[in-house]
Amino acid sequence: SAVISQKPSRDICQRGTSLTIQCQVDSQVTMMFWYRQQPGQSLTLIATANQGSEATYESGFVIDKFPISRPNLTFSTLTVSNMSPEDSSIYLCSVGTGAGSYNEQFFGPGTRLTVL
Amino acid sequence: AQSVAQPEDQVNVAEGNPLTVKCTYSVSGNPYLFWYVQYPNRGLQFLLKYITGDNLVKGSYGFEAEFNKSQTSFHLKKPSALVSDSALYFCAVRDGNRDDKIIFGKGTRLHILP
């Protein structure tokens, strides 16, 4: 398994500002993912963060709104840009272990974002 | 495209009784199936997975799940529920032939009544 930490754990932000969320893993991992979980909803994949290349975004998510960095195999950041109240959500970092698709993903504790 | 359905938004079970949380899936290739649990203000925790082999898989905290290929189901079960099992449960699927992303169900909230 992998131990994942996220900073901040929660934040309250003003409309129009940006917030950068950090994700740190205790071991080197190939695949890192960013999810959004809106209140009472399931998880929606925002993007896959690849080390050494551009992140791969899912339909409905764009780099200008959610820029991602992946400088090494243990760290990634997600920025929520020009925030609006609709961005209020829990943002979760996740990692895949091993190279096979049969491997489960592990999740960080999440960042609870409230936009006023 | 792969998909996963959890038909129940909420399940209520008396403590000590058996519990079942339902999940059905759809993939074009071989299904890789997962269950996760989310406690309040916590991230998701992995419970168990089915990849191949025995249809009944055992996981953490006494949970188990049964893979049924003909019914395309992967229901989560526990013989005797505890109040501490109250949480949000997510079923997830990946198409094993495509090395694709994991798709999560909408979640089922489990309430264990003392």
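FYI, side chains are in, hydrogens and waters are out, and symmetry mates aren't considered; it's all heavy atoms of this structure. Below, chain A is the first sequence line, B the second, and so on; all start at residue 1. No experiment lies behind these values; they were computed from the predicted model shown.
- Atoms NZ and CD, from B:Lys49 and A:Gln105 in turn, are 11.5 Å apart once rounded to the nearest 0.5 Å.
- Not a single donor-acceptor pair under 3.5 Å links the side chain of A:Ser42 to the backbone N or O of B:Gly107.
- Of the atoms belonging to A:Phe33, not a single heavy atom falls under 4.5 Å from chain B.
- By the criterion of side-chain heavy atoms lying less than 4.5 angstrom apart, applied directly or through intervening Ile, Leu, Val, Met, Phe, Trp or Tyr residues, B:Leu110 is grouped together with B:Val37 in one hydrophobic cluster.
- Of the atoms belonging to A:Gln41, it is backbone heavy atoms, and not side-chain ones, that fall under 4.5 Å from chain B.
- B:Tyr36 and B:Ile103 fall into different hydrophobic clusters, defined by Ile, Leu, Val, Met, Phe, Trp and Tyr side-chain heavy atoms under 4.5 Å apart, directly or through other members.
- Between chain B and the options A:Ser9, A:Pro109, A:Cys93, the largest number of non-hydrogen pairs under 4.5 Å is found for A:Pro109.
- Closest non-hydrogen pair, A:Leu43 versus B:Phe90, comes out as CD1-CZ, 4.0 Å.
- There is no contact between B:Tyr50 and chain A, counting heavy-atom distances below 4.5 Å.
- Clustering ILVMFWY residues whenever any of their side-chain heavy atoms sit less than 4.5 angstrom apart, transitively, puts B:Phe46 in the very cluster that holds B:Ile51.
- Both B:Trp35 and B:Tyr39 are assigned to one and the same hydrophobic cluster, defined by single-linkage of ILVMFWY side chains at heavy-atom distances under 4.5 Å.
- Summarising the geometry, atom OG belonging to A:Ser94 is positioned 7.0 Å from atom CD1 belonging to B:Ile102; distances are rounded to the nearest 0.5 Å.
- Counting heavy atoms of neighbouring residues, nucleotides and ligands inside a 6.0 Å radius, atom NZ of B:Lys22 does not exceed 12 of them.
- Annotation: A:Glu54, atom CD; neighbour count of heavy atoms from other residues, nucleotides and ligands within 6.0 Å does not exceed 12.
- Using a 4.5 Å cut-off between heavy atoms, B:Gln6 does not touch chain A at all.
- Contacts of B:Leu88 with chain A are made by side-chain atoms alone, with heavy-atom separations under 4.5 Å and no backbone atom involved.
- A continuous path of ILVMFWY side-chain contacts below 4.5 Å connects B:Phe74 to B:Val27, so both sit in one hydrophobic cluster.
- The closest side-chain heavy-atom distance from B:Phe104 to A:Gln37 is not below 4.5 Å.
- For the atom pair A:Glu104 CD and B:Leu47 CG, the distance stands at 11.0 Å (nearest 0.5 Å).
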